[in-house]
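Step one of this worksheet: look at the structure below.
Just so we're clear, the structure is a prediction, and the values are computed from it rather than from any experiment. Below, each value reflects all heavy atoms present in this structure, side chains not excepted, and no hydrogens, waters or symmetry copies.
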Number of protein chains: 2
Amino acid sequence: MGRLEESYEERLKERGLRVTRERRMILSHACEHFGHFYAHELLESLDRHGFRVSRATVYRTLAHLVEKGLLRRHELGDRKTFYEPVLGREHHEHMVCVCCGKILEFIQDEIERLQDQVCRQHGFRPLSHTLQIQGICRTCRRGGRGEIASHG
Amino acid sequence: MGRLEESYEERLKERGLRVTRERRMILSHACEHFGHFYAHELLESLDRHGFRVSRATVYRTLAHLVEKGLLRRHELGDRKTFYEPVLGREHHEHMVCVCCGKILEFIQDEIERLQDQVCRQHGFRPLSHTLQIQGICRTCRRGGRGEIASHG
DNA sequence: CTGACTGCAAAATGTTTGCAGATTC
DNA sequence: GAATCTGCAAACATTTTGCAGTCAG
């Protein structure tokens, strides 16, 4: 854990963020306990693990971490916001199972290319994009078991 | 206007919605005054035009109209929700200008096709999807004038 | 006439903010 | 020691809800 902690500290410093107990906790917790998570999940998890951080600090820190590229933020179509650690992971899109809430990732370079093309056609300079496919995952299609979403 | 009014009434009936003064007003106003709109814009516009409808009714009605396929609802990546009339218009995606808020539409069949392909690969049954490109529109790239968003 | 719809005001949700004191650099 | 954090509680924006009265079918 010491090693990892250090690396989190470094990552904060690299981005010009002050290193505080709270930020180390939030970043490491987000990276080690979650794949994708909602703000309230992080809040609850930190609390369960006995790490005291105020709601305000969590939100402020999440915003910083997103801004500095350590986390990504995504919005589901139902005004829910989730985050994911970046960790040098490639850009990717999401499929969200409407049945169990599971989130799958995928990349499709060709789609990216086509988007750029469309933008060029419209004189639009793309900065970022969101592609989400809502549907039913393999497991739910089979078992039909509406298992509880873990989002993690 | 009488003709249009009738058609709105019909459209409500067709979908099994009761026809009320408020619903007629909301649907016709949404269809005639807006391309894309936010709930609060509709609320304000109705008010400006002297149509009294309570906030609660507007929200409840928007939900009904979306459910019955007369409007579509979309979420921007910053937890803002906008609506658009359906009116038999084709499915399309959106480009959102982060500078002036303008919303452009586009379709790219090839992208749709590739999405289906990816889903098949993952055993995922697609139900719907969202593709939004955030960026800077032609006008803003030129003039740099951060004009006020009209969203209409 | 009954169930569905409406307005109102209050509640809920999820996130942000002002402030005073603590902390980092 | 200056600028930046933090916690707290209050504020916020948006949407939803309970309730009692009204209206469509």
Side-chain angles (χ1 to χ4, degrees), chain A residues 5-6 8-27 29-30 36-47 50-68 70-71 73-83 151, chain B residues 5-6 8-27 29-30 36-47 50-68 70-71 73-83 101 149 151:
Chain A
E5 283 274 305
E6 263 175 64
Y8 293 125
E9 203 161 316
E10 271 166 40
R11 277 199 267 160
L12 290 170
K13 277 184 191 156
E14 281 168 12
R15 315 286 171 137
L17 290 171
R18 285 197 175 174
V19 179
T20 66
R21 190 185 74 93
E22 289 79 2
R23 288 178 176 180
R24 248 183 281 128
M25 266 167 39
I26 291 170
L27 179 58
H29 206 81
H36 304 90
F37 63 93
Y38 297 98
H40 74 91
E41 291 180 317
L42 180 62
L43 231 11
E44 287 157 15
S45 179
L46 284 167
D47 193 57
F51 300 130
R52 307 317 194 58
V53 200
S54 74
R55 181 179 312 276
T57 295
V58 166
Y59 278 105
R60 282 189 279 230
T61 301
L62 287 175
H64 279 130
L65 298 177
V66 168
E67 197 187 342
K68 299 300 184 177
L70 295 173
L71 297 179
R73 195 182 81 184
H74 302 276
E75 313 263 330
L76 260 28
D78 54 353
R79 69 186 71 78
K80 293 200 181 312
T81 305
F82 71 91
Y83 298 82
H151 302 306
Chain B
E5 283 275 303
E6 263 175 63
Y8 292 124
E9 201 159 318
E10 272 166 38
R11 277 199 268 161
L12 289 169
K13 277 184 190 153
E14 281 168 12
R15 317 286 171 136
L17 290 170
R18 285 198 176 174
V19 178
T20 67
R21 190 185 74 92
E22 289 79 2
R23 287 178 179 182
R24 248 184 282 127
M25 265 166 38
I26 291 170
L27 179 58
H29 207 81
H36 303 91
F37 63 93
Y38 297 98
H40 75 92
E41 290 181 317
L42 180 62
L43 231 11
E44 288 157 16
S45 180
L46 285 167
D47 193 57
F51 300 129
R52 306 314 194 60
V53 201
S54 73
R55 182 180 311 279
T57 296
V58 167
Y59 279 106
R60 282 189 279 230
T61 302
L62 287 174
H64 279 130
L65 298 178
V66 168
E67 196 186 344
K68 299 300 184 178
L70 294 174
L71 296 179
R73 195 181 81 183
H74 302 275
E75 313 263 331
L76 259 29
D78 55 353
R79 68 186 73 78
K80 294 204 180 308
T81 306
F82 71 93
Y83 299 82
H151 304 306

Heavy-atom closest contact ([X] atom, [Y] atom, distance):
| X | Y | answer |
| --- | --- | --- |
| A:H36 | A:E41 | O-OE1, 4.2 Å |
| A:R15 | A:R11 | CG-O, 3.0 Å |
| A:A30 | A:L71 | CB-CD2, 4.4 Å |

Atom [atom1] in [X], atom [atom2] in [Y]: separation rounded to 0.5 Å?
| X | Y | atom1 | atom2 | result |
| --- | --- | --- | --- | --- |
| A:K80 | B:E75 | NZ | CD | 10.5 Å |
| B:L27 | B:E22 | CG | CD | 13.5 Å |
| A:M25 | A:R52 | CE | CZ | 9.5 Å |

key: Listed partners of B:Y83 passing ring pair (Phe, Tyr, Trp, His ring centres under 6.0 Å), at least two apart   = B:F37
Distance, rounded to the nearest Å, where [X] contributes [atom1] and [N] contributes [atom2]:
| X | N | atom1 | atom2 | answer |
| --- | --- | --- | --- | --- |
| B:E41 | D:dT15 | CD | P | 12 Å |
| A:E75 | D:dT14 | CD | C1' | 14 Å |
| A:E44 | C:dT13 | CD | C1' | 14 Å |
| B:L46 | C:dT6 | CG | C1' | 15 Å |
| B:L43 | D:dA13 | CG | P | 14 Å |
| B:L42 | D:dT15 | CG | C1' | 15 Å |
| A:M25 | D:dG7 | CE | C1' | 13 Å |
| B:K80 | C:dT15 | NZ | C1' | 12 Å |

inquiry  = At less than 4.0 Å, is any side-chain N or O atom of B:T81 found next to OP1 or OP2 of D:dT15? Yes or no.
reply    =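 Yes, such a contact exists.
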message = Side-chain N or O of A:R55 versus OP1/OP2 of D:dG7: is the shortest distance under 4.0 Å?
response = no
remark   = Assert: residue with more 5' nearest nucleotide on DNA chain D, out of A:A56 and B:Y83, is A:A56
task = Report the residues that fulfil side-chain hydrogen bond (donor to acceptor under 3.5 Å, both in side chains) with A:E44, sequence neighbours left out, ordered by chain and then residue number.
result =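 A:E44 satisfies side-chain hydrogen bond (donor to acceptor under 3.5 Å, both in side chains) with A:H40 only.
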query = Got a sec? Which of residues 57-67 of chain B come in under 4.0 Å of DNA chain C, heavy atoms?
reply =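 Of all residues in residues 57-67 of chain B, the ones placing a heavy atom under 4.0 Å from DNA chain C are B:T57, B:R60.
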task = Please report the C-alpha distance between A:L12 and A:L65 in whole Å, then the side-chain angles of each, then the deciding distance to 0.1 Å, and finally whether the side chain to side chain contact (heavy atoms under 4.5 Å, CB included) criterion is met.
result = CA-CA 8 Å; A:L12 290 170; A:L65 298 177; 3.8 Å; yes
ask   = Axis-to-axis angle across the helix from C:dC1-D:dG25 to C:dC25-D:dG1, five pairs an end, to 10 degrees?
value = 40°
Reading 5' to 3' through nucleotides 20-25 of chain D, protein heavy-atom contacts under 4.0 Å coded B for base, S for sugar-phosphate only, - for none = ----BS
For residues 55-64 of chain A, which side-chain N or O atoms pair as donor and acceptor with protein atoms under 3.5 Å away, sequence neighbours left out?
from  : atom 1 : to    : atom 2 : distance (Å)
A:T57 : OG1    : A:S54 : OG     : 3.1
A:T61 : OG1    : A:T57 : O      : 2.7
A:H64 : ND1    : A:R23 : NH2    : 3.4
A:H64 : ND1    : A:R60 : O      : 3.2

